[in-house]
Amino acid sequence: MKFGKSKTNVDTSPGRRRNQGDSHAERPSAADLSSRYAFRRNRTLTGSSSVHIASSNELNAELKSPRAHVHHLTNVRRRLLLYFTAVGAASLGLYILVSQLVAASAITLASLGPIPQADQSAYQSSIESYYAARPVERFRFLLDSQALLSHIQASRPEVRSIRIEPGATPGEASVVIAARQPIARWSIDGANRYVDGDGVVFSRNYFSDPELQIVDNSGLQAASSGLVASNRFLGFIGRVVAQSTKYGLAVETVAIPSLTTRQVAVTLAGQSTEYKLSVDRSAGNQVEDIERISRYLGAANTKPQYVDVRIAGKAFYK
């Protein structure tokens with residue numbers, strides 16, 4: 001009796017074709033897929049309205065739970081607060097920049113109020129020329145006040161100090177100028193020249209003319225001798241008067257002796273003695289010598305015609 005394999009149900013086709021046939025047979029149809037995955041493929045609602053059921057995409061769902069809704073509102077509030085903070089900071093910074101910007105200047109004199117229009121135009125022209133060279137300093141917090149003062153004093157020596165303050169409107173600056181107060185004056189070529197206690201010579205005086213007037217007995221024409229009208233000479237006289245006040249001495253007259261441009265003769269209030277000084281020696285040292293010799297002469301009850309203090313450490317009188 002022979003036993004063998006039945007060939008009735010045996011598939012003799014190659015394995016690759018047999019596998020392909022099986023895969024085609026098992027592949028679902030389009031209708032089957034549509035019915036099987038209809039909800040998953042076309043769903044538009046995720047999450048749950050129940051607080052007890054969570055979803056992986058709950059915070060991005062169209063239907064949100066109360067907890068997810070609270071989180072969403074919190075995020076919106078945070079974004080709005082951030083936007084408002086950024087806008088407020090930008091507005092504040094812009095306001096500060098505009099308030100610090102100097103686009104126009106209103107010039108006044110300290111303790112004196114408004115100034116004449118001609119002088120105001122001259123000051124504004126000087127200030128604008130400075131800003132033109134340094135435009136970044138139009139912002140007050142970047143301004144070099146000392147450099148601005150030096151620039152103005154180069155053309156307007158009567159300015160003692162300057163102060164920049166906020167103006168009445170944004171972009172406007174109030175420029176407060178302090179003018180020099182003269183202590184002596186000198187009439188030359190029909191015009192007055194003034195000198196203050198720092199020895200600075202200027203022509204524009206906003207105060208009353210000082211009583212102390214320099215008398216020119218040199219006999220030289222100012223036009224022919226630049227030394228007579230030099231700023232150094234007038235500055236020396238100003239320092240002499242200022243130092244005399246410091247030592248308690250009141251200068252009554254100041255004169256330029258005959259045929260000289262490097263000497264000064266001063267007389268003190270209540271005295272007839274004339275003191276001779278030299279512009280080539282320190283004004284402070286000579287005034288100190290005058291104070292000492294004045295005390296000595298007062299103690300000795302001596303009233304000489306003149307005292308010469310031009311040489312350091314020595315005094316000659318007659």
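Residue numbers run from 1 in the order of the sequence given.
Between the Gln286 side chain and the Ser278 main chain, a donor and an acceptor come within less than 3.5 Å of each other. When atom types are taken as modelled, the side chain of Gln181 and the backbone of Phe207 share no donor-acceptor pair closer than 3.5 angstrom. No side-chain donor-acceptor contact under 3.5 Å links Asn75 to the backbone of Arg78. In terms of modelled atom types and a separation under 3.5 Å, the side chain of Thr245 and the main chain of Val241 share a donor-acceptor contact. Remark: the backbone N or O of Arg292 is not paired with any side-chain donor or acceptor of Ser294 at under 3.5 angstrom. Side-chain atoms of Arg239 never come within 3.5 Å of backbone atoms of Ala283 as a donor-acceptor pair (strictly under, hydrogens ignored).
Looking only at atom types and distance, the side chain of Tyr83 has no donor-acceptor partner in the side chain of Arg79 under 3.5 Å away. Side chains of Tyr206 and Asp119: a donor-acceptor N/O pair is present below 3.5 angstrom, by distance only.
Using the six-membered ring where Trp is involved, Tyr130 and His151 have ring planes that are tilted, between 30° and 60° apart.
Between Asp280 and Arg310 there is no salt bridge, since no side-chain nitrogen of the basic residue lies less than 4.0 Å from a carboxylate oxygen of the acidic one.
Other residues, nucleotides and ligands place more than 12 heavy atoms under 6.0 Å from the CZ atom of Phe141. Heavy-atom neighbours of Phe139 CZ from other residues, nucleotides or ligands within 6.0 Å: above the threshold of 12.
The distance from atom OH of Tyr194 to atom CH2 of Trp186, rounded to the nearest 0.5 Å, is 14.5 Å.
Heavy atoms only, all atoms of each residue included: Glu137 and Leu142 are closest at CG-O, 3.5 Å. Across all their heavy atoms, Val175 and Ser105 have their closest contact at CG2-CB, 3.9 Å.
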Before you tell me yes or no, could you show the steps for Glu274 and Lys276 under salt bridge (Lys or Arg N to Asp or Glu O under 4.0 Å), namely the whole-Å CA-CA distance, both residues' side-chain angles and the distance that decides it to 0.1 Å?
CA-CA 7 Å; Glu274 186 178 75; Lys276 296 183 178 182; 5.2 Å; no
Show the numbers, then the answer: is there a salt bridge (Lys or Arg N to Asp or Glu O under 4.0 Å) between Arg138 and Glu128?
CA-CA 10 Å; Arg138 284 189 178 273; Glu128 288 300 322; 2.8 Å; yes
